[in-house]
Amino acid sequence: ARLIVAATDVNHYGLHFAVAAFAQDQTAWLAWYGRHDNGGHGIVPESCPEQEAKRRMFEALVSHGQAMATMPLTRAGQPVRIGLWLIDAGYMPDVVRRYAEGPGRTLGVPLLAARGYGFDKYRPTPKNCIGAPREGCHLAESPISGRFIAFNADYWREVSQRAWLGTPNAPGSVSLYEGRHAEFAEQICREKLREKLQGQYGPVWRWATAPGWHDYGDAMTMLYVASAWSGIGTIAAMSKRRPVRERRQSKVPAGSFGQVRL
């Protein structure tokens, strides 16, 4: 693996997170996942005042961030550091921004907020892009969220789900460590791609979503966005084409019938 990335999906009932290692050819190994909540209860209780709800979520992010910074993963006996951590900014974006610009900056882990958009709403244009867009994602900015990674959720959800169909360690596959993963698997499988069409402005995805949480699936999607933002993606994994040599034509006087050398 060349890079380790992390992603956290934010909701009032808990923070679902996942950590994975990626090779340059987009082969992935899920190393750690879990849910950070209030001892099995939701972070924000029902009918909680807005100010209190934001305080609770901020404190949950602080506690969660401390655990991420001391992630119990090692390689050859040495601690492994996260190369990029994405936090979902679709819920309480102002709180996520305050955390990312405050306590999150002191963890020693590169951190960015992220927000997914459906295929019909994701439109990277020069007006809303900061710098050049990357594969299915770009850097954006808003008054509430500040700077964040905007991404095509449908595109990357399909990529992350198809990776499970590969044989472990096959190029572009994703595999999971040994153990029981019933809840994780159920959440991944609750969003099923029913149809993919080619519309007038690009691909159109049709999903069937079963009742229940699918936050681990959202975290997996963001892992792939984090890897793409870091230079590992579906496009980057393709073999590079040989550069085409520039063809220079020698000047031939008008009216001449001599050969042209290329």
Side-chain angles (χ1 to χ4, degrees), residues 1 3-23 26-44 57 60-61 63-75 80 82-91 109 114-116 151 153-194 205 207-228 232 234:
L3 177 71
I4 294 180
V5 294
T8 298
D9 188 60
V10 179
N11 284 288
H12 65 88
Y13 47 80
L15 308 176
H16 288 76
F17 64 91
V19 180
F22 279 84
Q26 208 184 32
T27 307
W29 299 270
L30 191 66
W32 188 35
Y33 71 87
R35 179 173 67 247
H36 180 91
D37 53 26
N38 185 22
H41 302 283
I43 296 174
V44 180
M57 184 57 66
L61 286 170
S63 177
H64 175 48
Q66 292 170 350
M68 295 294 279
T70 57
M71 180 179 58
L73 291 178
T74 61
R75 177 189 294 167
V80 175
I82 296 173
L84 177 61
W85 177 24
L86 295 186
I87 300 180
D88 168 41
Y91 178 71
V109 177
R115 185 168 184 176
F151 62 92
D154 294 303
Y155 176 86
W156 284 113
R157 184 183 300 119
E158 180 189 1
V159 172
S160 66
Q161 287 196 2
R162 288 190 184 279
W164 290 111
L165 303 178
T167 302
N169 294 327
S173 68
V174 60
S175 54
L176 186 59
Y177 55 89
E178 186 178 2
R180 296 180 61 85
H181 307 283
E183 181 185 2
F184 181 85
E186 288 170 0
Q187 291 200 26
I188 294 292
C189 295
R190 284 197 176 111
E191 292 180 299
K192 298 182 180 180
L193 181 60
R194 292 299 188 189
W205 288 264
W207 300 88
T209 304
W213 295 351
H214 49 78
D215 305 284
Y216 283 132
D218 295 338
M220 285 296 304
T221 298
M222 287 195 292
L223 287 180
Y224 278 80
V225 174
S227 68
I232 297 176
T234 306

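For the single chain, residues carry numbers from 1 onward in sequence order.
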Does the side chain to side chain contact (heavy atoms under 4.5 Å, CB included) test come out yes or no for L176 and W164, once each step is laid out? CA-CA 9 Å; L176 186 59; W164 290 111; 4.1 Å; yes
Go through the steps for I232 and L3 under the test side chain to side chain contact (heavy atoms under 4.5 Å, CB included), then give the verdict. CA-CA 9 Å; I232 297 176; L3 177 71; 4.1 Å; yes
Candidate pair R162 and L193, rule side chain to side chain contact (heavy atoms under 4.5 Å, CB included), full reasoning: CA-CA 10 Å; R162 288 190 184 279; L193 181 60; 4.1 Å; yes
Evaluate the criterion side chain to side chain contact (heavy atoms under 4.5 Å, CB included) for residue pair W156 and T234; output intermediate values, then yes/no. CA-CA 10 Å; W156 284 113; T234 306; 4.1 Å; yes
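The two residues A89 and R115 have their closest heavy-atom pair at O-CD, 4.2 Å. Annotation for A18 and L223: closest pair O-CD2, 3.4 Å, computed over non-hydrogen atoms. Heavy atoms only, all atoms of each residue included: A6 and V19 are closest at CB-CG2, 3.9 Å. For the pair A28 and F22, the tightest heavy-atom approach, listed with the atom from each and the gap, is CB-CE2, 3.6 Å. A pairwise comparison of heavy atoms in A226 and L84 identifies O-CD2, 3.7 Å as the closest pair. Annotation for S175 and P168: closest pair CB-CB, 3.9 Å, computed over non-hydrogen atoms.
Side chain of D88 to backbone of G90: a donor-acceptor contact under 3.5 angstrom is found. The backbone N or O of Y177 lies less than 3.5 Å from a partner atom in the side chain of H181, making a donor-acceptor pair. Side-chain N or O atoms of Q161 include one that pairs as donor or acceptor with a backbone N or O of E191 at under 3.5 Å. Looking at T27, its side chain never comes within 3.5 Å of a backbone N or O of N169 through a donor-acceptor pair.
Atom-to-atom distance recorded for H36:NE2 and T8:OG1 is 10.0 Å, nearest 0.5 angstrom. To the nearest 0.5 Å, atoms CH2 (W29) and CD1 (I4) are separated by 10.5 Å. T209 contributes atom OG1, which lies 10.0 Å from atom CZ of R194 (distance to the nearest 0.5 angstrom). The line from CD1 of I43 to CG of L15 is 4.0 Å long, rounded to the nearest 0.5 Å. With rounding to the nearest 0.5 angstrom, the CZ atom of R190 is 11.5 Å from the OH atom of Y216. Atom CG of residue N11 and atom CE of residue M57 lie 7.5 Å apart, to the nearest 0.5 angstrom.
Below 30°, between 30° and 60°, or above 60°: for F17 and H64 the angle between ring planes is between 30° and 60°, a tilted geometry. The aromatic rings of Y33 and F184 lie tilted to each other, with the angle between the two planes from 30° to 60°.
R157 forms no cation-pi arrangement with W205, by the criterion of a distance under 6.0 Å to the ring centre and an angle within 45° of the ring axis.
Residues meeting the salt bridge (Lys or Arg N to Asp or Glu O under 4.0 Å) test with D215, sequence neighbours left out: none.
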